[in-house]
*Asks:* 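Below is the structure I would like to discuss, written out as structure tokens.
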Amino acid sequence: MPLIHLWTALPFAKLEVGHHFYWHIGNLRVHGQVFITTWFVMAILIAAAFAASRRIERVPSGIQNLMEYALEFIRDLTKSQMGEHEYRAWVPFVGTLFLFIFVCNWSGALVPWKLIELPEGELAAPTNDINTTVALALLVSLAYFYAGLRKRGLKYFTKYIEPTPVLLPIAILEDFTKPLSLSFRLFGNILADELVVGVLVLLVPLFVPLPVMALGLFTSAIQALVFATLAATYIGEAMEGHGGEHEEAHS
Amino acid sequence: MFDFDATLPLMAVQFLILTLILNALLYKPLGQALDNRDEYIRTNLQQAKERLQQATELAQQYEQELASTRRQAQALIEEARAEAQKIATAEIAEAQQAVQAELLKIQAEIDQEKQATLQALEGQVASLSEQLLAKLLA
């Protein structure tokens, strides 16, 4: 028993779920720990982007090569979901989704946030806070509505009664399940991953959590990819509509 | 765990700002660079293809010229050979004709001499036969 007390006394192995480091802005409450890690992630991304585009060369090397690889990956992803004609305008949005979630997830797994003491709550991946994932999912919803309305005008709403009005309730339901599943999938995966690692570290602090941590890295990357791919799919679907099949047939 | 508050809209705004910053810093310049490189490679490839085609065309042209020159040479040789043949034939025919003419002339001379001799002998026949007769009668 004293051994366990010893481990729980260490700063690495303490679980705090539901505790938040609250900041008060006016009469609004925000989760400070989420913002701190988010700014860290944004700083990493902006620094990488700046370093990559500072001196652009025809034959890329170093960070430019890495970011070009990432950009090409995002472009391929977007192109495969939206088609050749439409994808370019959406690369920034989908790309930022992917990069932001990816770096958030990995920062939660790789950066030893526990070493920084907060008065309350703990620093972790911003994506394990439901606010972040819901914000991103709602942005995706707005994006696909915007894309559909912009591309097809009011005809966009015919997708609710095409091919048959019988499916109208399900079509409307879809608009709610899409952001719900997007946000909860990401939130649940990342939170669960961090909890599993936390619990395992609590029980067996040496070596045993390592495979789970590696699995967590893998899951984190997959979740970022899934989120970005689904966002691209939803946007592409909204732009395509049911009249889009002809276009696809002869392209 | 599920407490929603002002974090949500602020995160959304932050994310949009990040999108704008990354668009200016990453997607635009690097996308431009990627497109430029694609363009560069495509034009270079195009030029290389054109050059290859030109080279192939030149090689073909030379080949054709070579073939036609060879054919001309062949024709020239053939012509010269035919001419030589003709000349030789003509000369042989001429020589044969000359020989023939000589032969005829000699034949005619011989005939003439024969005639003359025969005539002369015929003239002598009377006197000789008279002499023979006289000798026999005597």
Side-chain angles (χ1 to χ4, degrees), chain A residues 17-18 20 22-32 34-35 38-39 41-42 45-54 56-60 64 67-68 70-72 74-75 88 91-97 99-101 126 128-139 142 187 191, chain B residues 1-70:
Chain A
V17 179
H20 295 291
Y22 287 108
W23 285 349
H24 297 272
I25 304 170
N27 51 2
L28 298 172
R29 281 193 320 173
V30 295
H31 298 171
V34 176
F35 280 95
T38 304
W39 292 337
V41 167
M42 285 169 76
L45 282 175
I46 291 168
F50 182 72
S53 61
R54 192 166 41 110
I56 290 178
E57 287 160 18
R58 175 170 290 150
V59 180
Q64 188 193 343
M67 295 313 275
E68 274 188 14
L71 181 57
E72 256 179 294
I74 293 162
R75 276 187 163 187
R88 271 175 186 274
V91 165
F93 182 68
V94 176
T96 312
L97 274 178
L99 290 176
F100 179 69
I101 295 172
N128 85 354
D129 190 288
I130 188 86
N131 287 289
T132 313
T133 61
V134 170
L136 295 178
L138 286 180
L139 281 179
L142 286 179
F187 163 71
L191 184 68
Chain B
M1 211 186 294
F2 292 106
D3 57 342
F4 293 99
D5 50 26
T7 312
L8 197 158
L10 284 177
M11 280 304 292
V13 170
Q14 267 190 349
F15 178 80
L16 288 180
I17 292 169
L18 180 69
T19 307
L20 288 181
I21 294 173
L22 284 190
N23 188 33
L25 275 182
L26 183 67
Y27 305 116
K28 261 191 198 153
L30 273 196
Q32 192 73 36
L34 283 181
D35 291 343
N36 284 348
R37 189 176 309 135
D38 276 358
E39 188 66 37
Y40 174 76
I41 289 170
R42 205 175 308 128
T43 46
N44 264 14
L45 199 67
Q46 191 69 30
Q47 277 174 0
K49 255 184 207 158
E50 269 167 26
R51 269 186 213 157
L52 188 67
Q53 203 181 349
Q54 275 176 358
T56 319
E57 269 169 21
L58 265 180
Q60 216 161 18
Q61 197 183 324
Y62 287 151
E63 198 103 342
Q64 270 175 353
E65 269 172 30
L66 192 68
S68 77
T69 311
R70 198 170 280 161

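Lettering of chains follows the sequences in order, A, B, ..., and the numbering in each one begins at 1.
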*Asks:* Is it true that a side-chain atom of A/Glu68 and a backbone atom of B/Leu34 form a donor plus acceptor pair closer than 3.5 Å?
*Replies:*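 No: the side chain of A/Glu68 does not pair with the backbone of B/Leu34.
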*Asks:* To the nearest 0.5 Å, tell me how far B/Gln14 CD sits from A/Phe100 CZ.
*Replies:* 7.0 Å
*Asks:* A/Leu138 versus chain B, heavy atoms under 4.5 Å apart: side chain, backbone, both or neither?
*Replies:* side chain
*Asks:* Closest heavy-atom contact between A/Thr96 and B/Tyr27?
*Replies:* N-OH, 2.9 Å
*Asks:* Quick check for you: among B/Thr19, B/Asn36, B/Leu20, which has the greatest number of heavy-atom pairs under 4.5 Å with chain A?
*Replies:* B/Thr19
*Asks:* Which distance, rounded to the nearest 0.5 Å, do you find between the CG of B/Leu16 and the CG of A/Leu139?
*Replies:*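 Going from CG on B/Leu16 over to CG on A/Leu139, the span is 5.0 Å.
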*Asks:* Just to verify, what does B/Pro29 make a side-chain contact (heavy atoms from CB on, under 4.5 Å) with, not counting sequence neighbours?
*Replies:*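 With neighbours one apart ignored, the set is A/Ser53, A/Ile56.
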*Asks:* Say you draw a straight line from CZ of A/Arg29 to OG1 of B/Thr7; how long is it, rounded to the nearest 0.5 Å?
*Replies:* 9.0 Å
*Asks:* Are there more than 12 heavy atoms of other residues, nucleotides or ligands under 6.0 Å from atom CZ of A/Phe50?
*Replies:* no
*Asks:* So which of A/Leu99, A/Leu28, A/Leu71, A/Asn128 has the biggest tally of heavy-atom pairs under 4.5 Å with chain B?
*Replies:*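 Max contact count across the listed options: A/Leu71.
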*Asks:* Is it the backbone or the side chain of A/Leu136 that comes under 4.5 Å from a heavy atom of chain B, or both, or neither?
*Replies:* side chain
*Asks:* Does this structure show an ion pair linking B/Glu39 with B/Arg42, if we count only N-O contacts that are shorter than 4.0 Å?
*Replies:*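 So B/Glu39 pairs with B/Arg42 through a salt bridge.
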*Asks:* With rounding to the nearest 0.5 Å, note down the distance linking CZ in A/Phe93 to CZ in B/Phe15.
*Replies:*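 The CZ atom of A/Phe93 sits 5.5 Å away from the CZ atom of B/Phe15.
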*Asks:* Which region of A/Arg75, side chain (C-beta onward) or backbone (N, CA, C, O), has a non-hydrogen atom less than 4.5 Å from a non-hydrogen atom of chain B, or is it both or neither?
*Replies:*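 A/Arg75 touches chain B through side-chain heavy atoms alone.
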*Asks:* Please classify the contact between B/Leu22 and chain A as side chain, backbone, both or neither, with a heavy-atom cut-off of under 4.5 Å.
*Replies:*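 Contact with chain A is through the side chain of B/Leu22 alone.
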*Asks:* Can you tell me how far CG of B/Leu8 sits from OG1 of A/Thr132, rounded to the nearest 0.5 angstrom?
*Replies:*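 It is 8.0 Å, given to the nearest 0.5 Å.
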*Asks:* Go through the atoms of A/Ile46 and report whether side chain, backbone, both or neither lie under 4.5 Å from a heavy atom of chain B.
*Replies:* both
*Asks:* Determine which residues belonging to residues 44-70 of chain B lie within contact range of chain A, meaning some heavy atom pair is under 4.5 Å apart, and list them by number or answer 'none'.
*Replies:* none
*Asks:* Given a strict heavy-atom distance threshold of 4.5 Å, which part of B/Ile21 is in contact with chain A: side chain, backbone, both, or neither?
*Replies:*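 Only the side chain of B/Ile21 comes within 4.5 Å of chain A.
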*Asks:* Could you look at A/Trp23 and say if it's the side chain, the backbone, both or neither that has a heavy atom under 4.5 Å from chain B?
*Replies:* neither
*Asks:* Looking at A/Ala52, A/Pro126, A/Gly95, which makes the most heavy-atom pairs under 4.5 Å with chain B?
*Replies:*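 When all of A/Ala52, A/Pro126, A/Gly95 are compared, A/Gly95 has the most.
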*Asks:* Starting at NE2 of A/His31, measure out to CG of B/Asp5 and round the result to the nearest 0.5 Å.
*Replies:*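 If we round to the nearest 0.5 Å, A/His31:NE2 and B/Asp5:CG are 3.5 Å apart.
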*Asks:* Using heavy-atom distances under 4.5 Å, tell me whether A/Thr38 contacts chain B through its side chain, its backbone, both, or neither.
*Replies:* side chain
